[in-house]
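Numbers restart at 1 for each chain; the letters A, B, ... are given by sequence-line order, proteins then strands.
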Amino acid sequence: MALLPQAFYRRDALTVAHDLIGTLLVRDEVVLRVTEVEAYRVGDTASHCRAGKTARNAPMWGPPGRAYIYLCYGLHQMLNLVTDEDGVGAAVLVRAAELVSGEATVLERRRWTRPLSPALLTGPGRVAQALGLDTTMNDHPLYRRGGLELHAAPAPRPLAVGPRIGIDYASPEDRQAPWRVAVAESRWVA
DNA sequence: AGAAGGATTCTCT
DNA sequence: GAGAATCCTTCTT
């Protein structure tokens, strides 16, 4: 499988967001196909970087192709992939995925008892939990072998776009911006 | 030092 | 659909 190079991430977050759909998140035996993402772009009033560099969002300002993971609502880990040039704050949030392999490990990490359904992996906290991620994985490079990796795969079509979720604090323009991207026909979408 | 709020999820009804 | 869980980050005093 082809590891995506760092150059893949060194572009505008919205461009990366579109190209991210269909790629494979890989950690050991667990493989997830990305089905839904949101772009948080440079100068974005919805972005964690809107108030400048802080201890929490520092990974977003670093080199592209690395992980930015943060704790939301005190309990959910959120996985972002850092984009754009080194030194500017931008990233793409992974919101949903489809199970490709590693079912046993994912079920265990998610403490899933019900019959298999898209709810297993639709939602950013669920994806991160399925991959066993937490903030100690911050700055982890996804373009190198080892730990969490991102692999190229055929791009599903068509895609659907819409406004992002849970950003009421952003400017009206940014709230409406269609920077959420998903596989149009997948059931593995929130 | 204290307070507010958050890129959510789960379990009910 | 509503409410609880839960704690870090950030902003204010």
Side-chain angles (χ1 to χ4, degrees), chain A residues 9 12-18 20-21 25 32 34-62 64 66-84 88-99 106-140 142 148 150 159-183 187-190:
Chain A
Y9 306 91
D12 180 273
L14 185 58
T15 306
V16 177
H18 277 83
L20 225 34
I21 301 294
L25 282 164
L32 308 183
V34 176
T35 55
E36 181 181 354
V37 299
E38 282 176 358
Y40 288 87
R41 305 172 79 188
V42 176
D44 190 343
T45 62
S47 170
H48 282 177
C49 293
R50 63 189 178 277
K53 190 169 175 178
T54 66
R56 178 176 70 159
N57 67 32
M60 284 183 73
W61 300 87
R66 304 201 172 201
Y68 166 47
I69 299 168
Y70 72 94
L71 187 64
C72 185
Y73 294 104
L75 34 154
H76 305 295
Q77 308 287 341
M78 304 277 139
L79 170 63
N80 298 256
L81 279 40
V82 178
T83 66
D84 291 71
V88 303
V92 175
L93 170 70
V94 180
R95 287 195 58 87
E98 174 185 349
L99 182 63
V106 170
L107 292 179
E108 184 183 338
R109 286 187 181 141
R110 294 274 296 112
R111 294 186 191 109
W112 192 262
T113 53
R114 290 178 286 162
L116 217 50
S117 85
L120 180 67
L121 292 170
T122 50
R126 292 165 172 170
V127 172
Q129 187 177 43
L131 289 165
L133 301 178
D134 60 50
T135 53
T136 63
M137 294 281 289
N138 257 320
D139 295 313
H140 178 87
L142 285 100
L148 184 63
L150 187 73
L159 302 184
V161 302
R164 294 168 293 175
I165 305 295
I167 53 162
D168 293 347
Y169 52 81
S171 74
E173 309 85 68
D174 287 344
R175 249 185 307 169
Q176 293 171 18
W179 297 346
R180 172 159 158 248
V181 185
V183 180
R187 286 177 55 248
W188 298 78
V189 167

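Between A:Tyr40 and A:Cys49, the closest side-chain pair of non-hydrogen atoms is not below 4.5 Å. Between A:Asp174 and A:Ile167, every side-chain heavy-atom pair lies at or beyond the 4.5 Å cut-off. In this structure, A:Met137 and A:Leu79 have side chains that are not in contact, with every pair of non-hydrogen atoms separated by 4.5 Å or more. A 4.5 Å side-chain heavy-atom check between A:Thr122 and A:Thr35 finds every atom pair outside the cut-off. Two residues are said to be in side-chain contact when any heavy atoms from C-beta on lie closer than 4.5 Å; A:Val42 and A:Asp12 fail this criterion. Annotation: side chain of A:Met60 is not in contact with side chain of A:Asn80 (no heavy-atom distance under 4.5 Å). Annotation: side chain of A:Thr83 is not in contact with side chain of A:Leu14 (no heavy-atom distance under 4.5 Å). With a 4.5 Å cut-off on side-chain heavy atoms, A:Gln77 and A:Leu71 count as touching.
Taking every heavy atom of residues 161-169 of chain A and every atom of DNA chain B, pairs under 4.0 Å involve A:Ile165, A:Gly166, A:Ile167, A:Tyr169, by number.
To the nearest angstrom, P of B:dA7 lies 10 Å from CD of A:Glu38. We find that OH of A:Tyr68 is positioned 9 Å from C1' of B:dA7, with the value rounded to whole Å. Taking atom CZ of residue A:Arg111 and atom C1' of nucleotide B:dT9, one finds them 13 Å apart after rounding to whole Å. With rounding to whole Å, A:Asn80 atom CG is found 11 Å from B:dT8 atom P. Counting to the nearest Å, the P atom of B:dG6 and the CD atom of A:Gln77 are 19 Å from each other. To the nearest angstrom, C1' of C:dC7 lies 13 Å from CE of A:Met78. Rounded to an integer number of Å, the gap from A:Arg175 CZ to B:dA7 P is 14 Å. A:Asp134 places its CG atom 13 Å from the P atom of C:dC8, with the value rounded to the nearest Å.
At the heavy-atom level, A:Ala51 lies under 4.0 Å from the strands shown only through sugar-phosphate atoms. Contact annotation for A:Leu71: backbone-only contact, meaning every heavy-atom pair under 4.0 Å involves sugar-phosphate atoms and none involves a base.
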Dump every N/O contact between nucleotides 10-13 of chain B and the protein below 3.5 Å, one line per pair.
| residue | atom | partner | partner atom | Å |
| --- | --- | --- | --- | --- |
| B:dC10 | OP1 | A:Arg110 | NH1 | 3.0 |
| B:dC10 | OP1 | A:Arg110 | NH2 | 3.1 |
| B:dC10 | OP2 | A:Arg126 | NE | 2.6 |
| B:dC10 | OP2 | A:Arg126 | NH2 | 2.3 |

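Put simply, CG on A:Leu133 and CG on A:Leu148 are 5.5 Å apart, with the number rounded to the nearest 0.5 Å.
A side-chain donor-acceptor contact under 3.5 Å links A:Arg50 to the backbone of A:Ser47.
By the 5.5 angstrom centroid cut-off and the 30-degree plane limit, A:Tyr73 is classified as not stacked against the base of C:dA5.
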### Summary
Secondary structure of DNA chain C per the Watson-Crick/G-U criterion (both distances under 3.5 Å; [ ] crossing, | other strand, . unpaired) is |||||.||||||.
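Checking the phosphate oxygens (OP1, OP2) of B:dT8, a side-chain nitrogen or oxygen of A:Arg95 falls inside 4.0 Å. Under 4.0 angstrom from either OP1 or OP2 of C:dT9 there lies no side-chain N or O belonging to A:His48.
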### Message
If you apply the rule side-chain hydrogen bond (donor to acceptor under 3.5 Å, both in side chains), what do you find for A:Gln129 with A:Arg110, and how did you get there?
### Response
CA-CA 6 Å; A:Gln129 187 177 43; A:Arg110 294 274 296 112; 2.6 Å; yes
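Counting all heavy atoms, side chain and backbone alike, A:Thr45 lies closest to A:Ser171 at OG1-N, 2.8 Å.
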